Amino acid sequence: MESNKEKSMIRGGQFIVTETNPQDVFTPEDFSDEQKMMRESVQEFVDKEIVPHKERFEKKDYALTEEVMRKAGEMGFLGVAVPEEYDGLGMGFVSTMLVCDYISGATGSIATAFGAHTGIGTMPITLYGTEEQKKKYVPKLATGEWFGAYCLTEPGAGSDANSGKTKAELTADGKHYKINGQKMWISNAGFCSVFVVFARLEDDKNITGFIVENDPSNGISMGEEEHKLGIHASSTRQVFFNDCMVPVENMLAGRGEGFKIAMNALNVGRIKLAAACLDAQRRVITLATQYANDREQFNTPIAKFGAIRKKLAEMATNAYVGESASYRAAKDIENRIHKRQEDGATFAESELKGVEEFAIECSILKVAVSEDIQSCSDEGIQIYGGMGFSADAPMEAAWRDARISRIYEGTNEINRMLAVGMLVKKAMKGHVNLLEPAMAVGNELTSIPSFDTPDFSEPLSEEMDMIKKLKKVFLMVAGSAVQKFGPALEEHQQLLLAASDILIEIYMAESAILRTQKNIARTSVEAQKEQIAMSKFYLYNAVKIIQNRAEEGISGFAEGDEQRMMLMGLKRFTKYVNLPNIIELRNIIADKVTGENKYPFTMS
Ligand SMILES: Cc1cc2nc3c(=O)[nH]c(=O)nc-3n(C[C@H](O)[C@H](O)[C@H](O)COP(=O)(O)OP(=O)(O)OC[C@H]3O[C@@H](n4cnc5c(N)ncnc54)[C@H](O)[C@@H]3O)c2cc1C
């Protein structure tokens, strides 16, 4: 049963049908002193232990990755999300995002090792383990005495994660499970002490999780390190289980619970992956800006050329928007977790339900921010010109490292479809009321539009109005698609992808606008000049994407009068009263970035 307070709390996915008050969103400018100190100590750690050794990471120095991870453990960074009773720091969700963000920026090798260990390697035991399992394994993992890895993927089971062939069989004496099978692409495999392994008992519908200590004398062997495009010093191997004996007490949660564990671990992993793509963007932007200010062609620093300024403005805008949305969602999750704990739920139950509630936002962020770091590093290469293509300059590795984020923790295709699929499911369960707003949009389509000129004198008021209209676009497209296809909608993937892009752009654009509005209220319009420009600029691009994707969707399922009516609605819902001057907005942003010679929007 939900309490009244819980009912009044923001629910995952609800952003699409409600207006959010800027005062109700958390922004990076709201970090506490403790969080800022944590950020500084992580930044110092990265600048001392990682940045000077970039070359060694690129030359596949796996031992260095292990060493840095060990030191991160000594600093407490591996235990931020772990409760104090298991030797962690027991910090809140926002703080764990913050550490993940800042530790991940300098090389994807550490980002992956950190994410695999602290997320999917440690959290399944912390959240699903019995008291004995937690006492035995979690303190070692939280302090970096041991490292964890997560064995879900198999040669024949990737996106279809529940289809694995690895078998677990209870031995005749009932004391062990005997595990046989092959796992693939296992991060941290080369130096981990414990695996979370998913295997199937008999012909169970769902897989089961097991905690398996890495003991080569117990039927565990490994393939060679994989040769990868990027994240060169992240250990990735195949792991073979050949009559590997696992004590029965090492089953994680119950029989058949493995798929649920795997999916919930991925929810947490997804939002943290978004965080892990943030500081990488800040660093690329800072390096690209410094290069552009130094590099002269035609007797002019290239940073003065409009073509380069356009890129820097776009890169900075995406990073700002990614920060805004990631920390907004992180705090919403943290609030949910606190609420559940106040109501008497355990840490594990609260954390699981809190993150699950915002699984839609986790998928949105995973997709959006992983694509932002890709385009950011790509433009970073372009700004460096020929040097960008050289392995001696930093952009090449940043670009290669960025690529994996679109693949693991569920590919971006899968996450796009999940985001919309989960929203539709929530609507069916009555957890998010999509039906009434969708019907209201339907009525609006057939009514005469208002010809009043709205008052947009307040800063960003036209933008907030546009967000309201864009939500109508989503409801129009997704609502009609659900009506048309019902449960068969999941077979119409291209439609789902279009709806998902609309959903993603709305969440990201709205988050940036809300952050800027909140900061205008506590500073001034002048102090937020560039942030206002970024919010407007991002929204403008979002509107273009949404126009395009909505048109594609509408043309895919509507014909004749219905199609014409929806296209007219689309036009109405994406129309600016005052089209912003995009070139001027980019110049405002570029002036700030090039003037400060770095990504300048991190509050100190
Ligand atoms: C460097 C690296 C580290 C990794 N670390 C780990 C780890 O630590 N532990 C672990 O368990 N796994 C790990 N993985 C595995 C990773 O999670 C999978 O690669 C990923 O889930 C995709 O699975 P797949 O490679 O089998 O691709 P596939 O599932 O074969 O997908 C191939 C393509 O088809 C698309 N596709 C698949 N199914 C559908 C569908 N239903 N609808 C539409 N499109 C679809 C995908 O989006 C993708 O574009 C890692 C992978 C890499 C490369």
Side-chain angles (χ1 to χ4, degrees), residues 41-78 99-122 140-141 143-151 184-195 214 216 220-239 273 276-277 279-280 283-284 287 373 377 380-381 387-405 407-408:
S41 90
V42 176
Q43 277 173 321
E44 250 172 54
F45 178 81
V46 170
D47 288 334
K48 181 164 161 251
E49 304 290 347
I50 301 176
V51 175
H53 310 299
K54 284 280 297 254
E55 208 183 319
R56 287 175 62 194
F57 287 109
E58 290 322 307
K59 297 223 162 104
K60 306 189 177 177
D61 190 340
Y62 303 104
L64 179 62
T65 299
E66 187 179 346
E67 188 187 316
V68 170
M69 287 290 288
R70 194 100 37 215
K71 287 182 182 164
E74 284 160 19
M75 296 289 293
F77 300 149
L78 303 182
V99 171
C100 191
D101 173 350
Y102 282 91
I103 209 160
S104 301
T107 166
S109 297
I110 290 297
T112 301
F114 181 86
H117 170 74
T118 59
I120 51 185
T122 303
K140 287 191 168 77
L141 293 166
T143 52
E145 186 185 335
W146 278 19
F147 292 111
Y150 175 87
C151 297
M184 196 168 182
W185 304 120
I186 306 308
S187 302
N188 292 353
F191 64 94
C192 75
S193 314
V194 64
F195 299 102
N214 184 7
I220 299 175
S221 58
M222 286 194 202
E224 291 298 312
E225 286 290 351
E226 301 288 348
H227 296 290
K228 308 187 294 290
L229 172 70
I231 56 169
H232 275 173
S234 157
S235 169
T236 321
R237 292 174 176 232
Q238 293 200 50
V239 183
L273 178 62
C277 294
D279 202 46
R283 284 177 186 266
V284 165
L287 287 167
I373 179 58
S377 53
I381 290 186
M387 275 313 286
F389 204 63
S390 164
D392 294 332
M395 291 300 144
E396 182 256 5
W399 183 83
R400 286 187 291 96
D401 282 3
R403 189 62 184 84
I404 185 60
S405 298
I407 299 171
Y408 57 21

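These figures come from a predicted structure and were not determined experimentally.
- Taking CD1 of Ile407 as the start and CZ of Arg403 as the end, the distance is 5.0 Å to the nearest 0.5 Å.
- When all heavy atoms of Phe57 and Ser109 are compared, the pair lying nearest together is CD2-CB, 4.2 Å.
- The minimum heavy-atom distance linking Ala280 with Ile373 is given by the pair CB-CD1, 3.6 Å.
- In this structure, Asn214 CG and Trp146 CH2 are separated by 9.5 Å, a value rounded to the nearest 0.5 Å.
- Looking at Glu67 and Leu64, their side chains come closer than 4.5 Å, going by heavy atoms from C-beta outward.
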Residues Glu226, Gln238; criterion side chain to side chain contact (heavy atoms under 4.5 Å, CB included); working and verdict: CA-CA 8 Å; Glu226 301 288 348; Gln238 293 200 50; 3.8 Å; yes
Arg70 vs Glu74, salt bridge (Lys or Arg N to Asp or Glu O under 4.0 Å): CA-CA, chis, key distance, verdict: CA-CA 6 Å; Arg70 194 100 37 215; Glu74 284 160 19; over 6 Å; no
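- Lys60 contributes atom NZ, which lies 5.5 Å from atom NE2 of His227 (distance to the nearest 0.5 angstrom).
- Heavy-atom neighbours of Trp399 CH2 from other residues, nucleotides or ligands within 6.0 Å: at or below the threshold of 12.
- Separating the OG1 atom in Thr236 from the OH atom in Tyr62 is a distance of 7.0 Å, to the nearest 0.5 Å.
- Here Glu44 contributes atom CD and Glu49 contributes atom CD; the two are 11.0 Å apart, rounded to the nearest 0.5 Å.
- Between the side chains of Thr112 and Tyr408, at least one donor-acceptor pair of N or O atoms lies under 3.5 Å.
- At distances below 3.5 Å, at least one donor-acceptor pair connects side-chain atoms of Ser235 with backbone N or O atoms of Gly190.
- When atom types are taken as modelled, the side chain of Lys228 and the backbone of Ser234 share a donor-acceptor pair closer than 3.5 angstrom.
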Check against salt bridge (Lys or Arg N to Asp or Glu O under 4.0 Å), Glu55 and Lys59: CA-CA 6 Å; Glu55 208 183 319; Lys59 297 223 162 104; 2.8 Å; yes
CA sep, side-chain torsions, deciding dist, call: Phe77, Val42, side chain to side chain contact (heavy atoms under 4.5 Å, CB included): CA-CA 8 Å; Phe77 300 149; Val42 176; 3.7 Å; yes
Side chain to side chain contact (heavy atoms under 4.5 Å, CB included) evaluation trace for Val46 with Val51: CA-CA 6 Å; Val46 170; Val51 175; 4.1 Å; yes
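- Checking side-chain atoms of Asp101 against main-chain N and O of Asp279 turns up a donor-acceptor pair under 3.5 Å.
- Put simply, the side chain of His117 never gets that close to the backbone of Cys192: no donor and acceptor are under 3.5 Å apart.
- Residues Val284 and Ser377 share a closest heavy-atom pair of CG1-CA, 4.1 Å.
- Panel note: side chain Asp401, backbone Ile231; a donor-acceptor pair is recorded below 3.5 Å.
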Check against side chain to side chain contact (heavy atoms under 4.5 Å, CB included), Phe389 and Glu396: CA-CA 6 Å; Phe389 204 63; Glu396 182 256 5; over 6 Å; no
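- Taken from CZ in Phe147 to OG1 in Thr122, the straight-line distance is 9.5 Å, to the nearest 0.5 Å.
- Within the 4.5 Å cutoff, the side chain of Leu78 has no heavy atoms near those of the Leu141 side chain.
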Derivation and outcome, salt bridge (Lys or Arg N to Asp or Glu O under 4.0 Å), residues Glu225 and Arg237: CA-CA 5 Å; Glu225 286 290 351; Arg237 292 174 176 232; 2.9 Å; yes
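- For the pairing with Arg56, the side-chain hydrogen bond (donor to acceptor under 3.5 Å, both in side chains) check across Asp61, Thr107, Thr65 returns one residue only, Asp61.
- Under the 4.5 Å side-chain criterion, counting only non-hydrogen atoms from C-beta, Tyr150 is not in contact with Ser187.
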